[in-house]
Amino acid sequence: MPGFLLNYTYGTHEEKILMQFSESILMEYCACRISAMFGKDAITSTEHELVRNSLSDAILKSANAILSYRHHGNIDKLLVDVGESVWFPMQCISRLIGHLDGIGSQDDVFTYIEDSPEKVFFEKHVNEMQYCLRKLWDSRDSWRNVDLFDPLNRIGKQLFYDAGMHITSLPDGRGWVSVP
């Protein structure tokens, strides 16, 4: 991967933002899958706790970030705040999925996610992300360019959209963010 990822130049601001999500999701998954056998029971418990804490009030935090943006108007702060509320839980979940896959667990990741509005909000994204991560893992010897991140980029963009924020690129490559 360093042969193409470190040499890659983002084409648009939107791509740069979405790649931050996708790279972190994939790297968290791979790192946890590779290291899963070290302290597996303790790590399972820790990863579960991390997921539970990251999901706590995630929807409310996202809504509050958008409301706050309407007063301060700082798009960079909006991206960080909404990213922390909806992207960070996905990073934590990708870690848990990687860990469970690494120890060969048959547990469904949703075994570790309590029923809540956040579970409903994230469920379709988690299912799609889990499928993508496993597919990428299985094809890791054939990665040749950043196109492999496209499915994860779509998930990241849809998460932002579902949280109430639309991100796109302008014709000149600059990013544009809007909130309803």
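- Annotation: side chain of L152 is in contact with side chain of L133 (closest heavy-atom distance under 4.5 Å).
- In this structure, M19 is a member of the same hydrophobic cluster as F21, with clusters built from ILVMFWY side-chain heavy atoms closer than 4.5 Å.
- Note: F160 and W87 have parallel aromatic rings, judged against thresholds of 30 and 60 degrees for the angle between ring planes.
- Both tests pass for R140 against the ring of W137: distance under 6.0 Å to the centre and angle within 45° of the axis.
- Taken from CZ in R95 to OG in S24, the straight-line distance is 11.0 Å, to the nearest 0.5 Å.
- In this structure, K119 NZ and F110 CZ are separated by 7.0 Å, a value rounded to the nearest 0.5 Å.
- Using cut-offs of 30° and 60° on the angle between ring planes, the pair H72 and Y69 is perpendicular.
- Under the 4.5 Å side-chain heavy-atom criterion for grouping Ile, Leu, Val, Met, Phe, Trp and Tyr, V82 is not connected to F88 through any hydrophobic cluster.
- Across every non-hydrogen atom of N153 and L18, the tightest pair is OD1-O, 3.3 Å.
- Closest approach of A65 to D81, counting heavy atoms only: CB-CB, 3.5 Å.
- Interatomic distance, Y161 OH to Q158 CD, rounded to the nearest 0.5 Å: 7.5 Å.
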Open item on the list: Before you tell me yes or no, could you show the steps for Y112 and V51 under side-chain contact (heavy atoms from CB on, under 4.5 Å), namely the whole-Å CA-CA distance, both residues' side-chain angles and the distance that decides it to 0.1 Å?
Closed with: CA-CA 8 Å; Y112 298 92; V51 167; 5.7 Å; no
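- Taking 4.5 Å as the limit, every side-chain heavy atom of E128 sits out of range of all side-chain heavy atoms of Y131.
- The two residues K157 and I167 come nearest to each other via the heavy atoms CE-O, 3.0 Å.
- Looking at heavy atoms from C-beta onward, I75 lies in side-chain contact with L79 at the 4.5 angstrom threshold.
- Of all the heavy atoms in I103 and A36, the pair that sits closest is CG2-O, 3.4 Å.
- Remark: C30 SG to I25 CD1 distance equals 11.5 Å, nearest 0.5 Å.
- Between V86 and H125 the shortest side-chain heavy-atom distance does not fall below 4.5 Å.
- Counting heavy atoms from C-beta outward, H48 and T111 have side chains that stay 4.5 Å or more apart.
- S94 and E28 are not linked by any side-chain donor-acceptor pair at a separation below 3.5 angstrom, with hydrogens and angles left out of the test.
- Interatomic distance, SG of C132 versus CD1 of I97, reported as 10.5 Å (0.5 Å rounding).
- Under the 4.5 Å side-chain contact rule for hydrophobic residues, M129 and W143 share a cluster.
- With hydrophobic clusters built from ILVMFWY side chains whose heavy atoms lie under 4.5 angstrom apart, I34 shares a cluster with L26.
- Using a 4.5 Å heavy-atom cutoff, the side chains of K40 and M37 are in contact.
- Taking the side chain as every heavy atom from C-beta outward, H99 and T44 approach each other to under 4.5 Å.
- Two residues are said to be in side-chain contact when any heavy atoms from C-beta on lie closer than 4.5 Å; S116 and E114 fail this criterion.
- Judged as a side-chain hydrogen bond (donor to acceptor under 3.5 Å, both in side chains), not a single pair has a partner in residues 55-67 (not counting sequence neighbours).
- E47 approaches C92 most closely through the heavy-atom pair OE1-O, 4.4 Å.
- Within a 6.0 Å radius of NZ in K77, other residues, nucleotides and ligands contribute 12 heavy atoms or fewer.
- Between the CG atom of L100 and the CD1 atom of I93 there is a distance of 11.5 Å, given to the nearest 0.5 Å.
- Of all heavy-atom pairs between Y29 and R33, the closest is OH-NH1, 2.6 Å.
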Task: side-chain contact (heavy atoms from CB on, under 4.5 Å) between F122 and I113, worked out - done: CA-CA 10 Å; F122 285 100; I113 301 174; over 6 Å; no
